[in-house]
Amino acid sequence: MGNMFNAKMETLPQNKIKGIQLERLKKTVHLVYENVPHYKKKFKDLKIKPDDIKTLADIRKLPLTTKDDLRLNAPFGLMAAPLDNCIELHASSGTTGIPITACYTRGDIEVWSEVMARCLTMSGLTKKDVFQNPIPYGTFTGAFGFHYGAQKVGALVIPSGQGQTERQLKLMEYYGTTFISGVASYAMRLGQVAQEMNMDPKKLKVRNGLFGAEMFTPGLKKRIMETWNMDVHDIYGLTEMCGPGVSTDCDQHDGLHLWEDHFIVECLDPKTLEPVDVEEEGEIVLTTITKEGMPLLRYRTRDLARLYDQDICECGRTHVKHSMIKGRSDDMIIIRGTNIFPGQIESVLMNHTAVGGNWRMVLYTENNVDMLTVEVETKQIVSKYEMETLAQKLKNDIQSVLVFTPKIEVLPPNSIPETGLKAKRVIDERKKV
Ligand code: DLL
């Protein structure tokens, strides 16, 4: 059994967790009803009152909250606490221009630090570690979440911040960093740059990494593990909940434990909004039950995953597990009638050792027909012949998974432009009809 940050809560029997959830759900429902006009109106429309929530199953009586609700009420309209009681603001850039903003009370920061400390300890962090945090410190929640959690564990935190990959690697070497965090694709980039600098990442002292914030396929995870000779864990979270810290996979690496004493999770069919069966894929819908600043009821994350059966995990934790996030429902691309998730393509690419860390899908229109080119960087500079052979192999493999044949363009390392914090895997230049 690995270390736990809060063994009592992490191993609490399910019936006790359910008891805590009900009590906290009732409190949250009253809090938003009394303080957030948006929810008061929704309750009125649905003809419900806070006291109608008597059991956990009653959660289904509550209104769902969508990204549009957040945007229409931006930036502070969904706050349940006065801004005077808030001490920090975070926002996610979003793709539509209006950022999703969340303000935290001191209590919210305390809860966030706690869940992050649990996730980090689950991934192997101890107070003996030198923890490097190569994430921009800014309104993005990533850096601060890891920072607070790692300090709570008692590790030595190096707040190395944004980018400058060579500098990050030199800091790792100089300070003897043992644990790194970050955005999944950046871990790959760090490994690639190390090799370009003739530095062998395996010879550094880094032995653990906790990454997330974007699609994180098992193939990419394996790649990072092999490049660095380190154990890699997956962390999920979103600005609307707290930032990173909603769930992480334990050493069993067969699902992410979601902290049920702070969040209630449902998995719904995105079309019917009915619960899907256990282990069926659906949209993750989350209710915060300890947040004070901006509590949210039944928030539709758009993230697709499966919830696993409620067995006690080998690691001893009792909190429910979900599969890795397959992608966002809005990530799905429909091209000539075929549904494609970027993760399906990445899974194929990562099976080929000659493929580097960076790749993207470019969609465009040619003679009124939708076309897809998958651009893939090689790990090292190779001959034209090797590039062509690789392109052919990738084409065959992708075709067998997708029943669709994209064009493949194999490129030398560093050909695809960096797009900032999270990798941009899909460029859609199709003419909108
Ligand atoms: O990305 C919080 C975070 C930071 C998580 C660092 C983990 C590590 P947002 O910018 O609000 O917050 O983006 C949230 O990113 O709804 C998912 O679609 C995606 N996402 C986050 N973690 C994962 C993951 C942060 N482990 C959105 N796997 C979420 C797949 C993830 N997708």
Side-chain angles (χ1 to χ4, degrees), residues 65-67 70-71 74 89-96 98-102 104 112 115-116 118-120 122-123 133-150 161-162 180-188 209-221 224 232-250 253 255-259 263 265 270 281 283-286 288 294 296 299-306 321-332 341-343 346-347 419-426:
T65 309
T66 62
K67 272 190 205 298
L70 261 62
R71 295 211 163 98
L89 177 151
H90 283 283
S92 71
S93 51
T95 41
T96 61
I98 302 173
I100 302 263
T101 308
Y104 303 62
W112 191 17
V115 289
M116 277 306 299
R118 291 187 199 171
C119 293
L120 283 158
M122 180 147 63
S123 320
N133 203 19
I135 314 178
Y137 279 71
T139 47
F140 176 57
T141 53
F144 283 91
F146 279 99
H147 189 102
Y148 294 143
Q162 179 156 20
I180 58 173
S181 59
V183 173
S185 55
Y186 192 63
M188 208 47 231
L210 181 55
F211 309 108
E214 61 185 3
M215 180 184 63
F216 198 13
T217 54
L220 180 63
K221 197 174 186 181
I224 302 173
V232 173
H233 289 255
D234 179 357
I235 180 163
Y236 170 67
L238 53 160
T239 311
E240 299 87 319
M241 291 297 113
C242 57
V246 172
S247 56
T248 288
D249 60 334
C250 62
H253 293 297
L256 289 81
H257 288 284
L258 184 142
W259 303 120
F263 309 100
V265 60
E281 184 177 292
E283 178 178 339
I284 296 290
V285 171
L286 294 166
T288 66
M294 195 175 80
L296 293 178
Y299 182 65
R300 291 191 60 183
T301 63
R302 306 261 165 203
D303 294 323
L304 301 175
R306 301 159 198 275
K321 282 202 275 196
H322 66 82
S323 62
M324 64 153 206
I325 304 291
K326 175 178 170 191
R328 301 165 67 90
S329 49
D330 25 12
D331 280 348
M332 192 180 76
F341 276 96
E346 185 173 282
S347 303
T419 46
L421 202 55
K422 301 194 188 196
K424 194 162 168 46
R425 299 297 189 203
V426 182

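When a ligand or atom number is given, it counts from 1 through the structure's own listing order.
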The answer for which part of Thr239 has a heavy atom under 4.0 Å from ligand 1 is both
Val183 contact mode with ligand 1 (heavy-atom cut-off under 4.0 Å):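 Val183 to ligand 1: no contact under 4.0 Å from either part.
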Residue and atom name of the nearest protein heavy atom (relative to [atom]), distance in Å to one decimal:
| atom | result |
| --- | --- |
| atom 27 (C) of ligand 1 | Arg328 NH1, 3.8 Å |
| atom 16 (O) of ligand 1 | Asp303 OD2, 2.7 Å |
| atom 15 (O) of ligand 1 | Lys422 NZ, 3.2 Å |

Separation between CZ of Arg328 and CG of Leu304, rounded to the nearest 0.5 Å: 9.5 Å
If every non-hydrogen atom of [X] is compared with every non-hydrogen atom of [Y], which pair is closest and at what distance?
| X | Y | result |
| --- | --- | --- |
| Cys250 | His257 | SG-NE2, 3.6 Å |
| Leu70 | Ile100 | CD2-CG2, 3.5 Å |
| Ser181 | Ile135 | OG-CD1, 3.9 Å |

When only distance counts, is Thr301 in polar contact with ligand 1, meaning an N/O pair under 3.5 Å?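 No, Thr301 has no N/O under 3.5 Å of an N/O on ligand 1.
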Taking distance alone, with N or O pairs closer than 3.5 Å, would you say Ala213 contacts ligand 1?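 Among all N and O atoms of Ala213, at least one is under 3.5 Å from an N or O of ligand 1.
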Can you list the atoms of ligand 1 that are under 4.0 Å from a heavy atom of [X]?
| X | result |
| --- | --- |
| Pro244 | 2 (C), 3 (C), 4 (C), 5 (C), 6 (C), 7 (C), 8 (C) |
| Gly237 | 2 (C), 5 (C), 12 (O), 14 (C), 21 (C), 22 (N), 25 (C), 29 (C) |
| Asp234 | 24 (C), 26 (N) |
| Met215 | 30 (C), 32 (N) |
| Ser92 | 10 (O), 11 (O) |

Tell me whether the count of non-hydrogen atoms from other residues, nucleotides or ligands lying under 6.0 Å of CD in Gln162 goes above 12. no
Could you go through the side-chain contact (heavy atoms from CB on, under 4.5 Å) check for Arg300 and Ile284 one step at a time? CA-CA 7 Å; Arg300 291 191 60 183; Ile284 296 290; over 6 Å; no
Any donor and acceptor pair, going by atom type alone, linking the side chain of Asp249 with main-chain N or O of Asp234 inside 3.5 Å?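 Pair found, side chain donor or acceptor close to backbone of Asp234.
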Below 4.0 Å from any atom of ligand 1, is there a heavy atom belonging to Phe140?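 True for this residue.
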Using atom types as modelled, flag every donor-acceptor pair under 3.5 Å from a side chain in residues 209-219 to any protein atom, sequence neighbours excluded.
unit_1, atom_1, unit_2, atom_2, d
Glu214, OE1, Ala423, N, 2.8
Glu214, OE2, Ser185, N, 2.6
Glu214, OE2, Ser185, OG, 2.5
Thr217, OG1, Leu220, N, 3.3
Thr217, OG1, Glu346, OE2, 2.4

Measure from atom 31 (C) of ligand 1 to every heavy atom in His233, Met116, Glu214, Lys67 and give the option owning the shortest one. Glu214
Please table the atom pairs, donor to acceptor, closer than 3.5 Å between any side-chain atom in residues 239-248 and protein atoms at least two apart or in another chain.
unit_1, atom_1, unit_2, atom_2, d
Glu240, OE2, Lys67, NZ, 2.9
Glu240, OE2, Tyr299, OH, 2.7
Ser247, OG, His322, NE2, 2.7

